[in-house]
Amino acid sequence: MTPADERHQSFGGHGVEGADGRGGGSATHDVTNQPAPLAPYDASDDAALLEGLRREGAGWAEEDVRRLGRLAGGAQAQEWSDRANRHEPELRTHDRYGNRIDEVDFHPSWHHLMRTAVAEGLAAAPWADDRPGAHVARTAGGLVWGHTDAGHGCPTSMTYAAVPALRRQPELAEAYEPLLTSREYEPGLRVPAGKRGLLAGMGMTEKQGGSDVRTNTTSATPTAEAGLYTLRGHKWFTSAPMCDLFLVLAQAPGGLSCFLVPRVLPDGTRNTFRIQRLKDKLGNRSNASCEPEFDGTVAWLVGPQGQGVKTIIEMVNCTRLDCVTMSAALMRKTLVEAGHHARHRSAFGARLVDQPLMRNVLADLALESEAATVLTLRLAGAADRAVRGDAGEAAFRRIATAVGKYWVTKRGPAFTAEALECLGGNGYVEESGMPRHYREAPLLSIWEGSGNVNALDVLRALGRDPATAQALFDELTLARGADARLDAAVVRLKDQLAEGSQASARRLVERMALTLQGSLLVRHAPSAVADAFCATRLGGDWGHAFGTLPAAAGLDAIVERALPGAG
């Protein structure tokens, strides 16, 4: 044995007595008053989620949602999530011989997450499912699978959203829709028609305009073949570059138009899609977002020339709903983490969950989480029924999705920060997972139009189609007379609508969101939940931070509903 080996044996921990005579010198390292890992747990163990699933017409999917919830909360899926974020995507612009390849490499955990999501129908599968409630089932699946990693939700969301846009060009939809709606995940750049399943991305924004896509400078030049163009330009945020197809906006002779860009052309050659760099983002780091350069890039026109925004707007409506879904999933995930910590951590002589002030915080977070979940599922129900031809639900969806996108995603960062604080210093370290959730939350308000864009979109919807306002008030009327504070809020909302100024758009949309959430909770939630929500969010008996519910609120009932066993 070498001297180094002897030193290792003497001081490595095993067989060495500490000052108290105990082996291993472990007296100062006994771990007490720390919660065990949350996983495995059931991410579908959420009364508001399951009730909404049944109410919105997808009760037939409950067994699958519950199974997926157990998988999402399992140790393996949680480990996939952690590893996919610790081992970030890597860009390879060239192969070893100097050939341009523009590929992105992902950790195997990313592929496990993607394969599960696609197989479980969280990409475009609902468009091939004739059952009423298919789109609701997908949203519910997203609410539970969202307990894993948010990043891979980006390509699945865009794949889902691409289908209705692609249907504006029937021959393209005929060729690609069966592969987009497939439940097979087949990574790798190959001829699309030869794969078992496809993923779609989008490229709308450019550096000079952002959300103002009409200022795009990417040009589209017609070729001799009808419907075939070549593109030249530089996109600013394009997710996700490993997808097979992209819907992009470019300026054609007839104005801003929508185009389908495949990464690999039908003859097997690589289309020009030069990835200049991957974005170094605050969060969503498991997912690759890039700046691609088009230079003679082959593209097919989708929809008429000059109607690019109109063609792609259905895609935006779908991805906005997914932003609401992921925000609600993040809220629920971080609430569950906070509740687990509070149940198993003691301070000042009692469990945290039994401390009145912590109980107030958890109850307040539970209210916000349930309000987000019930609104998400109502929006999914509207989307499902609108697809099936319900004009009233289509009008409601048009305004309520923008309202929900504005408000639920705005609440996400404050919510995740408060949930993180429930863990104290333990929540501030990366190993807890809470910092990753906190970094993720702001993206969902920015992606698919920031708060201002969505607020202004609500004003546009009200101005262009009076049926949207009527649809919203028809929904609110269903709860009339059930709570005086809600009734008063609806009256105030009608007064605010008369103003309709851009400067007050955020106040208007916030009021819309709160009255809509209040009406849903009054109709569908237990009285303790509905009463506390109306008293605080609508009645003003509330502070400016979470944990300021009034003393009369039924804290125990609220916490027990959200976190069974913590009552």
Option among Arg138, Arg67, Arg115, Arg183 that satisfies the salt bridge (charged side-chain N to carboxylate O under 4.0 Å, His left out) test with Glu120: Arg67

Can you check side chain to side chain contact (heavy atoms under 4.5 Å, CB included) on Val118 and Glu184, steps first, answer last? CA-CA 6 Å; Val118 172; Glu184 295 278 347; 5.8 Å; no

Hey, does Ser369 have a side-chain heavy atom less than 4.5 Å from the side chain of Phe415? yes

Start with the C-alpha gap between Ser44 and Asp42, add the side-chain angles, then the distance that decides, and say whether side chain to side chain donor-acceptor pair (under 3.5 Å) holds. CA-CA 5 Å; Ser44 70; Asp42 183 357; 2.6 Å; yes

Aromatic plane relationship, Phe106 with Trp110 - under 30° parallel, 30 to 60° tilted, over 60° perpendicular: parallel

Can any side-chain N or O of Glu440 pair as donor or acceptor with the backbone N or O of Leu330 at less than 3.5 Å? no

Charged N to carboxylate O below 4.0 Å: is that the case for Arg397 and Asp384? no

Tell me whether Arg83 is salt-bridged to Glu79, with the criterion being a basic N under 4.0 Å from an acidic carboxylate O. yes

Audit row: Arg398, Asp457, salt bridge (Lys or Arg N to Asp or Glu O under 4.0 Å) steps and yes/no: CA-CA 10 Å; Arg398 172 70 182 89; Asp457 196 33; 3.2 Å; yes

Main-chain N/O of Gly303 paired to Gln169 side chain as donor or acceptor, under 3.5 Å: yes

Does the pair Arg100/Asp102 count as a salt bridge with the N-to-O cut at 4.0 Å? yes

Asn454 vs Arg320 side-chain heavy atoms within contact, under 4.5 Å: yes

Do Lys279's NZ or CZ and the ring of Phe237 fall within the cation-pi criteria of under 6.0 Å and 45°? yes

Any side-chain heavy atom of Leu443 sitting closer than 4.5 Å to one from Leu282? no

Is there a side chain to side chain contact (heavy atoms under 4.5 Å, CB included) between Thr230 and Thr223 once you walk through the steps? CA-CA 7 Å; Thr230 58; Thr223 69; 4.0 Å; yes

Are Lys333 and Thr148 close enough that some pair of their side-chain heavy atoms sits under 4.5 Å apart? no

Side chain to side chain, Arg460 and Val458, heavy atoms closer than 4.5 Å: no

With rounding to the nearest 0.5 angstrom, report the OG to CZ distance, Ser327 to Arg332. 16.0 Å

Under 4.0 Å between a Lys/Arg side-chain N and an Asp/Glu carboxylate O for Asp295 and Arg232? yes

Carboxylate-amine/guanidinium contact Glu291 Lys207, below 4.0 Å: no

Side-chain heavy-atom pair Thr297, Val261 within 4.5 angstrom cut-off: yes

Pairing of Asp280 and Arg285 as salt bridge, 4.0 angstrom limit: yes

Phe259 ring center near Phe246 ring center (under 6.0 Å): no

Is Lys235 salt-bridged to Glu206, cutoff N-O under 4.0 Å? yes

Is Lys405 close enough and on-axis enough to Trp447, meaning under 6.0 Å and within 45°, for cation-pi? no

Taking the side chain as every heavy atom from C-beta outward, state whether Cys422 and His341 have any atom pair closer than 4.5 Å. no

Salt-bridge present (Arg190, Glu186; N to O < 4.0 Å): yes

Minimum heavy-atom distance Met158-Ser239, with the two atoms named: CE-O, 2.7 Å

Whether Thr319 side chain and Val316 backbone form a donor-acceptor pair below 3.5 Å: yes

For Asp212, is there any backbone N or O sitting under 3.5 Å from a side-chain donor or acceptor partner on Thr215? yes

Mark yes or no: Arg378 above the aromatic ring of Phe396, with NZ or CZ under 6.0 Å from the six-membered ring centre and no more than 45 degrees from the axis. yes

With distance as the sole test, does Asp149 use its side chain to make a donor-acceptor pair with the main-chain N or O of His152 at under 3.5 Å? yes

Please examine the side chains of Thr373 and Glu370, heavy atoms only from C-beta on, and report whether any two atoms are closer than 4.5 Å. no

Under a 3.5 Å distance rule, please check whether Asn216 uses its side chain to pair with a backbone N or O of Met204 as donor and acceptor. yes

Centroid separation Tyr160 to His135 less than 6.0 Å: yes

